[in-house]
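Only this structure's heavy atoms are used, side chains among them; waters, hydrogens and symmetry mates stay out. Lettering of chains follows the sequences in order, A, B, ..., and the numbering in each one begins at 1.
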2 protein chains.
Amino acid sequence: MTLLGAQPSTIKDVARAAGVSVATVSRALGAPGMVHDATRSRVLEAASSLGYRPNRAARSLITGRTGNLGVIVPDLGNPYFHSVLKGAQARARAADHAVFVADSEEQAGEEASLLEAMARQVDGLLLCSSRLTARALARAPIDRLVLFGRRVHGVPSVVPDSADGMRQAVTHLHVLGHRRIAYLAGPRRSWSDQQRRKGLEAACRELGIVQSVLGPVSPTFAGGVEAADPVLASGATAVIAYNDLVAVGVAHHLAARGVRVPERLSLVGFDDIPVASMTTPPLTTVAVPTEAAGRIAIELLLDRLGRGDTAGSCFELPTSLVVRQSTGPPPTRSQPSPEPRPNPRSS
Amino acid sequence: MTLLGAQPSTIKDVARAAGVSVATVSRALGAPGMVHDATRSRVLEAASSLGYRPNRAARSLITGRTGNLGVIVPDLGNPYFHSVLKGAQARARAADHAVFVADSEEQAGEEASLLEAMARQVDGLLLCSSRLTARALARAPIDRLVLFGRRVHGVPSVVPDSADGMRQAVTHLHVLGHRRIAYLAGPRRSWSDQQRRKGLEAACRELGIVQSVLGPVSPTFAGGVEAADPVLASGATAVIAYNDLVAVGVAHHLAARGVRVPERLSLVGFDDIPVASMTTPPLTTVAVPTEAAGRIAIELLLDRLGRGDTAGSCFELPTSLVVRQSTGPPPTRSQPSPEPRPNPRSS
DNA sequence: GTCATTTTTGCAAACGTTTACAGCAGTTGT
DNA sequence: ACAACTGCTGTAAACGTTTGCAAAAATGAC
């Protein structure tokens with residue numbers, strides 16, 4: 001019950017109240033084994049009755065630890081990162097760490113400057129889908145880094161097993177009867193995109209499926225909308241999009257043109273963000289356990305702080321195909337789907 | 001160019017390099033008017049060549065300021081808060097403040113404990129849609145608070161003008177010809193819900209529209225899905241949902257039942273979260289400038305830190321109706337819409 | 001009861017800043 | 001030539017902790 005205007009009480013106040021020295025208070029709170037039980041309980045009582053909270057700045061000054069962790073994401077508006085952040089925040093809080101968050105606005109320069117600014121204020125940093133070069137990462141102003149969504153030599157990281165997810169998606173489509181599928185690629189530079197391409201290629205080769213790569217498109221709803229017509233023109237009976245946002249964009253534009261999903265075209269997304277289950281039809285997608293990813297990444301970080309090793313470990317997240325209603329058998333020759341309406345965009 | 005293993009340089013190092021005392025360095029950096037220009041540039045050069053960054057913990061220890069701000073949201077997974085956070089983060093960064101973020105998981109208890117934990121580590125706190133009682137807020141362990149999405153006596157706040165948004169929505173529906181509309185209410189305790197009800201009632205009374213209130217429902221997609229059948233049964237020709245998530249849920253379930261929007265039922269959401277424009281049909285909704293809200297809230301907070309006044313100011317955000325394609329004229333008697341399909345949930 | 005050992009405690013230094021105060025040089029006014 | 005400034009700089013205290021070291025107290029062995 002701290003009074004409003006009152007100065008926050010310091011370790012000195014507690015020491016006085018308990019009739020001991022500040023050192024004893026510090027130890028009673030931080031190293032319980034070193035003080036007499038009776039003394040300790042006296043200190044604890046005094047501390048709680050004064051509502052004492054240690055000043056973290058002072059502690060940090062001497063220990064060199066801040067008790068803070070940082071998370072940098074390319075875009076706070078992107079749902080993909082929300083649950084990573086949520087998981088990270090929860091795990092950090094459980095370890096009594098606070099979480100700084102910052103938005104690099106998808107720009108490497110901004111990310112570097114955030115890194116620079118945060119480095120001194122945190123014990124460790126989680127970089128989500130970093131845009132930085134491996135070079136820049138290696139000479140970062142802080143070496144307690146964990147990466148999410150990208151693998152760089154020498155830096156611990158947490159990555160989804162995109163290749164396996166891709167394999168699951170392709171297999172699913174193959175079982176449904178599809179023999180020509182298209183991949184709607186994301187940004188060239190993106191590590192995830194490269195992984196997904198590799199997985200696609202391997203899976204298609206194995207199953208004898210004809211694959212084509214469209215794009216790259218902007219990894220957004222708008223990117224999907226723009227890509228919808230080319231996708232249709234490609235002749236593929238199924239398309240796997242770089243991510244859910246793109247898939248939803250494609251679905252949206254297709255719906256506006258009167259092209260039915262999945263009757264005319266099957267559609268698979270990536271990530272399983274919330275919106276994937278909200279569309280009509282709900283999207284079949286490769287789920288990435290993002291919240292768990294956040295938790296695990298923070299765990300790796302905390303481990304690294306404690307032991308100081310784990311330099312190059314990499315945690316690979318299992319992905320799983322969530323089959324909803326945007327995939328089905330390919331259209332049959334005998335029962336052609338109706339002609340699409342004219343493009344609503346040009347009207 | 002700091003080397004990797006090197007100790008970060010301190011103000012002492014800079015002082016030695018520039019041949020001055022630490023006090024001069026401190027002043028050269030913090031109070032430029034107090035030192036000779038020549039000295040100052042010597043210091044600046046030394047500082048930059050050493051890559052000097054002041055230790056914020058040490059500074060904070062003496063000034064009592066941390067340079068950090070906190071944002072607490074009920075749910076990091078809720079898109080409504082993402083752009084608030086984004087705006088807040090951007091504005092804070094522009095003022096050289098870092099942002100802590102935490103998730104109260106919609107629980108007042110958790111929120112209080114976060115408040116307690118953060119109070120000492122930040123200069124000010126932004127509480128989004130706080131679940132705390134006015135009492136609890138008044139005796140918070142920190143008095144540099146700003147509220148978003150709620151108005152409490154004595155606490156500065158930023159709130160959307162929901163009542164006006166509601167008026168715009170109702171007017172829009174009235175112009176289209178609707179005379180019976182339903183409001184699908186959100187959580188009873190929610191301040192926003194109360195505002196929206198008031199606005200609805202006023203607007204309907206003025207325009208002579210019959211209104212009914214359904215719910216309350218959970219302010220989520222699932223809540224909307226569950227409410228869809230009752231909405232249909234209510235006999236209203238248009239429904240305004242507590243928020244977009246609920247509206248999208250309703251639309252989703254309606255689509256699955258074969259009920260056409262807006263031909264059979266017009267649908268209006270609230271907030272204009274990204275998903276509102278991604279559905280088919282895109283959702284007509286009352287837009288709340290959430291990113292601006294975050295910016296403004298932080299500005300209020302920074303103001304408060306500087307001057308120390310602005311105790312009870314309240315900033316009201318203008319809302320604006322975004323007309324998309326989920327609203328249209330009510331169905332006519334002469335052209336009844338087809339019978340809805342059986343509920344897909346019960347099959 | 002004494003000594004050696006262990007447990008418990010206190011003193012004081014350190015962490016990296018900011019800032020009140022004092023001092024020192026140069027300038028101006030008489 | 002002296003006083004009173006002004007402008008710039010340095011010294012040292014303070015912020016609230018943690019922790020090495022030494023002192024004190026308690027315990028055990030004889």
Side-chain angles (χ1 to χ4, degrees), chain A residues 2 6-44 46-47 50-68 96 98 119-123 141 305, chain B residues 2 6-44 46-47 50-68 96 98 119-123 141 305:
Chain A
T2 332
Q7 296 290 342
S9 47
T10 76
I11 200 173
K12 250 180 180 164
D13 301 324
V14 179
R16 198 172 323 117
V20 296
S21 75
V22 294
T24 303
V25 175
S26 177
R27 282 191 277 251
L29 268 42
M34 284 183 74
V35 304
H36 196 107
D37 276 357
T39 323
R40 194 167 76 93
S41 56
R42 205 147 30 98
V43 169
L44 257 41
L50 287 173
Y52 169 70
R53 297 300 203 131
N55 180 323
R56 294 183 83 127
R59 171 181 296 176
S60 141
L61 189 54
I62 187 131
T63 61
R65 287 258 182 122
T66 61
N68 301 330
D96 201 29
R120 299 288 306 271
Q121 309 190 54
V122 298
D123 294 338
L305 300 189
Chain B
T2 331
Q7 297 289 343
S9 48
T10 75
I11 200 173
K12 251 180 181 165
D13 301 324
V14 179
R16 198 172 322 118
V20 297
S21 73
V22 292
T24 302
V25 176
S26 177
R27 284 190 276 252
L29 268 41
M34 284 183 76
V35 303
H36 197 107
D37 275 359
T39 320
R40 194 166 78 91
S41 58
R42 207 146 30 96
V43 169
L44 256 41
L50 288 172
Y52 169 70
R53 297 299 203 131
N55 180 323
R56 297 187 77 131
R59 171 182 296 176
S60 140
L61 190 53
I62 187 131
T63 61
R65 287 258 183 122
T66 62
N68 301 331
D96 201 29
R120 300 286 306 270
Q121 308 191 56
V122 298
D123 294 339
L305 300 188

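Looking at heavy-atom distances under 4.0 Å, B/Arg40 makes no contact with the nucleic acid at all. Within the nucleic acid shown, B/Arg27 comes within 4.0 Å of at least one base atom, counting heavy atoms only.
Within the 4.5 Å cutoff, side-chain heavy atoms of A/Arg40 are placed close to those of A/Pro32. Contact annotation: the side chain of A/Arg65 never approaches that of A/Ser60 to less than 4.5 Å [non-hydrogen atoms, C-beta and beyond]. Counting heavy atoms from C-beta outward, A/Leu61 and B/Asn55 have side chains that approach closer than 4.5 Å. Between A/Leu29 and A/Val14, every side-chain heavy-atom pair lies at or beyond the 4.5 Å cut-off. Residues B/Asp123 and B/Asn68 have side chains not in contact (no heavy-atom distance under 4.5 Å, counting atoms from C-beta outward). For the pair B/Val43/B/Val35, no side-chain contact is recorded, criterion being any heavy-atom separation below 4.5 Å from C-beta on. Considering only heavy atoms from C-beta on, A/Ile11 stays 4.5 Å or farther from A/Pro54 through its side chain.
DNA chain D is contacted by both A/Val25 and A/His36; A/Val25 maps to the nucleotide lying nearer its 5′ end (nearest heavy atom per residue).
Protein chain B touches strand DNA chain C; the 5'-most and 3'-most nucleotides with an atom under 4.0 angstrom of its non-hydrogen atoms are C/dG16 to C/dA20.
Near DNA chain C, defined here as any heavy-atom distance below 4.0 Å, the residues from residues 57-66 of chain A are A/Leu61, A/Ile62, listed numerically. The stretch residues 10-21 of chain A comes close to DNA chain D through A/Thr10, A/Ile11, each having a heavy atom under 4.0 Å from the strand.
Of the side-chain N and O atoms in A/Ser26, one or more sit less than 4.0 angstrom from OP1 or OP2 of D/dT18.
The shortest non-hydrogen separation linking B/Arg56 to B/Asp96 is NH2-O, 3.3 Å.
When atom types are taken as modelled, the side chain of A/Arg27 and the backbone of A/Met34 share no donor-acceptor pair closer than 3.5 angstrom.
Interatomic distance, B/Arg59 CZ to B/Thr66 OG1, rounded to the nearest 0.5 Å: 11.5 Å.
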